Amino acid sequence: MKALQSVRGMHDILPADIAAWQWLERRLSRLMARYGFEEIRIPLVEKTELFTRAIGQGTDVVEKEMYAFDDRNGDSLCLRPEGTAGVVRAALQHGLLNPPGLKLWYAGPMFRHERPQKGRQRQFHQTGVEVFGLDAPAVDAELIALGSRLWRELGIAEHIELEINSLGDRDDRQRYRQALLAYLGPLRDQLDDDSRRRLESNPLRIFDSKAPATQALLKAAPRLIDHLGEGARAHFTAVTELLDAQGIRYRINPGLVRGLDYYCRTVFEWTTRSLGAQGTVCAGGRYDDLVEVQGGKPTPGIGFAMGMERLLELVKGQNGRFENPPHAYLLGSEPASERLGLAEALRDRWPELRLVTDLQGGSFKAQFKRADRSGARLALVLGDQEMADRTISVKDLKGDAPQASVAQDSMDDWLRTFFDDDRRGHGK
RNA sequence: GUGGGCGUAGCUCAGGGGUAGAGCACUGGAUUGUGGCUCCAGCGGUCGUGGGUUCAAAUCCCAUCGUCCACCCCA
């Protein structure tokens with residue numbers, strides 16, 4: 001029988017990586033709570049229409065990256081490619097949008113059928129936040145402040161830069177689209193193939209082109225930011241002033257459009273240069289029309305999502321190692337019953353103790369070897385001799401102190417003293 | 001979807017038509033109740049998979065899957 005492999009671009013997260021994931025997850029959930037966000041958990045599968053409506057028919061995500069399939073009853077379903085659409089759906093379905101000011105966060109896997117490369121997988125993990133019903137610039141600014149704080153707390157702030165832009169309101173974009181077409185139309189022949197195609201499908205996206213010739217032409221192109229209506233312009237100015245006031249540095253990038261159609265007004269992207277071609281670590285923006293598009297009453301919204309794998313790459317480059325080695329490794333001689341009994345008794349009284357029992361047996365040499373490999377601080381020995389005189393031999397595997405013999409009855413005191421001294425010794 | 005690199009032991013990799021290798025890891029011994037350092041021995045592979053060429057294929061050819069990197073696009 002041939003062994004099967006995981007499907008392309010979908011990776012196991014192995015025990016060796018779990019400590020880093022949990023470290024990041026704990027920090028994220030704590031941070032969300034500090035800003036008054038509540039967690040929501042929604043299905044990985046939604047009706048395909050939810051995403052085609054929210055993200056937009058002409059987008060790459062919908063056109064070629066969705067994991068869509070037919071359910072047994074003929075419904076077209078889809079593995080979620082992003083989180084916002086589902087959160088909006090859930091908020092509408094359960095009437096969460098009243099009163100205004102709902103703040104939600106979510107975390108979990110997303111699926112996009114793309115060719116994998118550095119920082120990109122077909123199943124990847126995002127953590128995101130959404131705020132509903134508030135249109136004040138302060139909302140945008142606070143979300144950005146949350147991100148900024150996160151990078152500082154993760155120790156990666158110096159590797160991440162903020163870019164922002166305003167896409168204006170729907171009418172603004174419509175007017176701008178005309179202006180852009182008027183400029184680029186005559187230059188059609190000088191554009192790269194993709195950009196020429198986008199003249200029809202989605203002219204704004206031409207700004208994403210990496211073709212040098214196209215970028216050169218775009219330098220002189222009309223800028224969306226100059227076509228903002230009064231509302232959008234005032235909003236954007238207010239957001240940047242709030243960022244200035246908080247000392248958050250940013251770069252206004254007039255070419256920053258986003259891949260999903262639902263964005264309007266403020267869009268932003270946190271990027272890094274340390275991750276290869278995939279520089280975006282976290283991105284988001286306003287989506288004031290999205291709730292209405294999904295069948296709700298007009299309700300402004302704003303949110304962002306960050307890519308956990310990319311974030312972890314940065315954190316690992318910075319932070320080195322994450323480990324949770326056991327505190328103690330219990331070994332001894334047969335029969336195992338006394339050893340198991342001792343381990344359970346210790347676990348009863350020391351809920352925080354990470355205690356591994358040797359279940360493989362064999363020579364003391366082999367067991368000590370495993371104890372060492374486990375990374376445990378202490379080896380606890382319950383051999384024939386110890387069982388006979390009701391003691392435990394304790395050896396510090398990380399130090400030079402001679403092995404101690406401790407009466408089983410006073411094990412608690414011994415452990416308490418040992419770990420207390422240890423804490424003091426390390427000045428923690 | 002397009003292009004390129006790479007798939008050989010658990011891991012990192014050598015070998016590019018003629019008997020499948022090294023280091024690390026693992027197991028045992030030197031040390032009959034003591035890890036780490038050292039030395040010795042051992043275990044471990046249908047060379048990603050399927051086809052083809054050949055007397056002979058890990059090696060050459062084709063296909064396919066996976067992986068990495070880039071493009072497209074995105075977190």
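Side-chain atoms are counted along with the backbone in the values below, which use heavy atoms only and exclude waters and symmetry mates. Since we're looking at a predicted model, the values are computed, not measured. In what follows, chains are A, B, ... by sequence order, proteins preceding strands, each numbered from 1.
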Give none if B/C37 has no partner; otherwise give the nucleotide forming a Watson-Crick or G-U wobble pair with it, both distances under 3.5 Å. none

When both distances are under 3.5 Å in a Watson-Crick or G-U wobble arrangement, the nucleotide paired with B/G1 is B/C71

Using purine N1 to pyrimidine N3 plus N6-O4 or O6-N4 for Watson-Crick, or N1-O2 and O6-N3 for G-U wobble, each under 3.5 Å, what pairs with B/U46? none

Side-chain donor-acceptor contact under 3.5 Å, A/Tyr329 with A/Asp358: yes

Under a 3.5 Å cutoff, is there a donor and acceptor pairing between the side chains of A/Glu161 and A/Thr271? no

Choose from B/C72, B/C71, B/A75 the nucleotide whose nearest atom is closest to any side-chain atom of A/Arg115. B/C71

Expressed in angstrom and rounded to an integer, what is the separation of A/Asp60 atom CG from B/C72 atom P? 11 Å

Need to verify one output field. Residue with the more 5' nearest nucleotide on RNA chain B, A/Met308 or A/Gln5? A/Gln5

Any strand: nucleotide that pairs with B/G21 via Watson-Crick or wobble, under 3.5 Å: B/C13

Nearest to the A/Gln126 side chain among B/A75, B/U34, B/C72, which nucleotide is it? B/A75

Looking at B/G33, B/A70, B/G66, which one has an atom nearest to any side-chain atom of A/Phe364? B/G33

Which listed nucleotide (B/G28, B/C74, B/A75) is nearest to the side chain of A/Gln278? B/C74

Could you tell me the Watson-Crick or G-U partner of B/G7, where both distances fall under 3.5 Å? Say none if there is no partner. B/C65

Measure the acute angle between the ring planes of A/Phe364 and A/Phe368, then classify it against the limits of 30° and 60° as parallel, tilted or perpendicular. tilted

Which listed nucleotide (B/G35, B/C72, B/C68) is nearest to the side chain of A/His11? B/C68

Please check the phosphate of B/C74 (OP1 and OP2 only) for any side-chain N or O of A/Arg120 closer than 4.0 Å. no

More 5' along RNA chain B: A/Ser363 or A/Gln385, using each one's nearest nucleotide? A/Ser363

Pull up the glycosidic torsion of B/G16 and say syn or anti, syn being anything within 90° of 0. syn

Nearest listed nucleotide, side chain of A/Asp384, among B/U34, B/G33, B/C68: B/G33

Side chain of A/Glu114 only, heavy atoms from C-beta on: which candidate in B/G28, B/G29, B/A75 is closest? B/A75

Side-chain N,O (A/Gln117) to OP1/OP2 (B/A70) below 4.0 Å: yes

Quick check for you: among B/A75, B/U34, B/G33, whose closest atom lies nearest to any side-chain atom of A/Glu386? B/G33

A/Arg310 with A/Glu313: basic N within carboxylate O range, under 4.0 Å: no

If only side-chain N and O atoms of A/Gln367 are considered, is one of them under 4.0 Å from the OP1 or OP2 phosphate oxygen of B/G35? no

Which nucleotide sits closest to the side chain of A/Lys369: B/G66, B/G36, B/C68? B/G36

Do A/Arg149 and A/Tyr35 have side-chain atoms, one donor and one acceptor, less than 3.5 Å apart? yes

Across all strands, who's sitting opposite B/A57 as a Watson-Crick or G-U wobble pair, both distances under 3.5 Å? none

